[in-house]
K.L.:
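Starting off with a structure, shown below.
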There are 2 protein chains.
Amino acid sequence: MRKRAVEISDQTTARLSVYLRCLTALEKEGIQYTSSRGLAERLQLNSAQIRKDLACFGEFGIRGVGYAVRDLRGQILRILGLTRDLGIIVVGAGRLGTALADYPGFQGESVRIVSLVDVDRAKIGQRTAGGVPIRSLEKLPEIARKTGAEIAILAVPRSAAQEVADRVVRSGIKAILNFTPVPVVVPAYVKVNHVDLTREIEGLAFFLRQLATARKAGTEARAASR
Amino acid sequence: MRKRAVEISDQTTARLSVYLRCLTALEKEGIQYTSSRGLAERLQLNSAQIRKDLACFGEFGIRGVGYAVRDLRGQILRILGLTRDLGIIVVGAGRLGTALADYPGFQGESVRIVSLVDVDRAKIGQRTAGGVPIRSLEKLPEIARKTGAEIAILAVPRSAAQEVADRVVRSGIKAILNFTPVPVVVPAYVKVNHVDLTREIEGLAFFLRQLATARKAGTEARAASR
DNA sequence: GTTTGTGAAAGATTTCACAGCG
DNA sequence: CGCTGTGAAATCTTTCACAAAC
C-alpha cells in the first residue's frame, strides 16, 4: 500500500483535487460506479493519466468494472489529508481578506476559517459579515497554537507581504496561500501556493495579443494572395 | 524576429510575467543592466531557462554584458500585449467580485477595470468603494462593445457559473479569469484561466498530511532502532 | 466481454555545456 | 575575460498498448 518511493508531483496533486470534485458530483447524482474512461471524458483528459495518478497511492479499482464512486472519493479525501479538520487563518482584513474569510467555497469538508487577523485597531474585535472574528496580528502565534490552525492565507498589501510571511512562519504555520503580488521567501520546510492575479491577467493579455496578431497576419496573407 | 514556429507554453508565458515584475523592480532600484544569472538568482531558477524563454521571441541580450533592464522590460511588455489598453469587466458584485474590482494590483500598466455587472437590482446603478460602476448583467454585450473590454473575471456563485460564462462568450469576450469552483466549458477559441481556491487549499492539505506522515514514520523508525 | 494497472514509447520541459560574440 | 544563444543531454510528464483480473 505504501508506495511513496517516488515524489508526488504538484500536477498529480492538483488533479486529485479535480477528481475529488468530480466524484462528489457523481455521488450527488446517485451514480455508484465509474471508470477511468468515464472520468476522463467528463474532465477532458486521458484515462491512463487518471489511472497513473491513482497508482501512486494504491489500487482502488475493480478490473472489468471500474471504481466505486463512494469508495474512491473516500480514498482521495484520505490521500489529500481532508479527513481531519484543517484550520485556516486569513491575514489581512482588507476587502480581499474579508471576502476570502467569508468565501462559501471553503465552508464544509473539514476545512474552516478560524480567524481573520489585522493590525488595524479599528477592525480588531469586530466580526466579518459572515461571523469570522477579527483579531490582532500580534496574537497570531497564540491563535495558531490554541486553534491548531495549519494554513495561513496572505491578503495584505504588497509592502507588508514579506514581513507578514515571516511572522506567519515564526508562528509555526507551514502552509501558506499567498494572494499578494510578492513571491515571498520562506524556509524550505514551508509550502507556499502563490495565487498571482497579475500573472493570470498577463497570461490572458498574451493570448489576446496572439489572437490579434494571427488575425492581422491572416488578413495580410489573404490580401497578398489576391 | 518572428520565431512563432513553435507554440509558446503556458509555463513560459507565466515566467515572462515574473521576469517583467522583476525588471520593473530593478528599474525602480535604478539598476540599468542585469544578466540571466542575475535574474535567475533573484527568482530562484536556472539561468538557461530565462535565456531559452526569451529566445522564443528574439535576441534581446548583449553578449559579455547581459540585458539592458529598461529595454528588456519594454520588450516583455510588448510580447505580453501590455502596450495597448486592456479593459476588464468583473461579473458578480458579491464580496469577492467587489474586492477584485477594487483590487489595487490591477490598476496601472495599461490594465483597467471598466465595469462590474450583476443581476441584483439593488446593486445596479451603485458604485463600489473604489468607484467602479455596477451595471446590469443584461447590458454586458453593450458594455463590452462600447468599452472594448476584452477580459471578463467570473466571480459568481457556482450555480450560475456556466450560464454566466455562456453569456460572457456570447458578448464577444475571448479571455476569462474564472474565480468560481466550476471548470466552465467554453468554445476552443476562448481562453479560461481558472483560479481554483479549493484546489490550492487541497494542495496545501496534501503537503501537511505528508509532513505529518513523514514525522510519524521518523518517530517509529527511531523507536524501532532503539 | 470490460477495465485496471503498468512497462515502454513519445512528448515536453529543464538543465548542461560550449561555441561564438562583444 | 564574461555572457548570450542554442544544440545536446537529462529529466519529467503524458500517452500508448497490453497482460492480468474480474
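Chain A is the first sequence line, chain B the second, and so forth, proteins listed ahead of strands; every chain is numbered from 1.
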K.L.:
With a 4.0 Å limit, can you tell me whether A:Tyr67 has a side-chain N or O closer than that to the phosphate oxygens OP1/OP2 of C:dG5?
P.N.:
yes
K.L.:
Take atom CD1 of B:Ile50 and atom P of D:dT6, then tell me their distance rounded to the nearest Å.
P.N.:
16 Å
K.L.:
Could you check whether the side chain of A:Lys52 and the base of C:dT6 have a donor-acceptor pair of N or O atoms closer than 3.5 Å, going by distance alone?
P.N.:
no
K.L.:
Take the protein atom CZ of B:Phe60 and the nucleotide atom C1' of D:dC3, then report the distance between them rounded to whole Å.
P.N.:
17 Å
K.L.:
Quick one: B:Asp71 CG to D:dT4 C1', roughly how many Å, whole number?
P.N.:
14 Å
K.L.:
Test B:Ile113 against every option in B:Ile88, B:Leu100, B:Ile89, B:Asp102 by the side chain to side chain contact (heavy atoms under 4.5 Å, CB included) rule and name the one that passes.
P.N.:
B:Ile88
K.L.:
Would one find a side-chain N or O of B:Tyr33 under 4.0 angstrom from OP1 or OP2 of D:dG2?
P.N.:
no
K.L.:
With a 4.0 Å cutoff (strictly under), does any side-chain N or O of A:Arg15 reach OP1 or OP2 of D:dT14?
P.N.:
yes
K.L.:
Quick check on C:dT3: is either OP1 or OP2 less than 4.0 Å from any side-chain nitrogen or oxygen of A:Ser36?
P.N.:
no
K.L.:
Atom CZ of A:Arg51 and atom C1' of D:dT13: how far apart are they, to the nearest Å?
P.N.:
16 Å
K.L.:
Tell me the interatomic distance from B:Ile8, atom CD1, to C:dA12, atom P, rounded to whole angstroms.
P.N.:
14 Å
K.L.:
Please check if the number of heavy atoms outside A:Arg84 that lie under 6.0 Å from its CZ is greater than 12.
P.N.:
yes
K.L.:
Please check: side-chain N/O of A:Ser110 versus main-chain N/O of A:Leu82, any donor-acceptor pairing under 3.5 Å?
P.N.:
yes
K.L.:
Checking A:His194 side chain against A:Thr180 main chain: does a donor-acceptor pair fall under 3.5 Å?
P.N.:
yes
K.L.:
Less than 4.0 angstrom between a side-chain N/O of A:Gln11 and OP1 or OP2 of D:dT14, yes or no?
P.N.:
yes
K.L.:
DNA chain D: A:Ala48 or A:Asp10, which has the more 5' nearest nucleotide?
P.N.:
A:Asp10
K.L.:
For C:dT4, does the base pair up with any side-chain atom of A:Arg63 as donor and acceptor (N or O, under 3.5 Å, distance only)?
P.N.:
yes
K.L.:
In whole Å, what is the span from the CD atom of B:Gln49 to the C1' atom of C:dT13?
P.N.:
7 Å
K.L.:
Taking atom types as modelled and ignoring hydrogens, do the side chains of A:Arg95 and B:Thr98 form a donor-acceptor contact shorter than 3.5 angstrom?
P.N.:
no
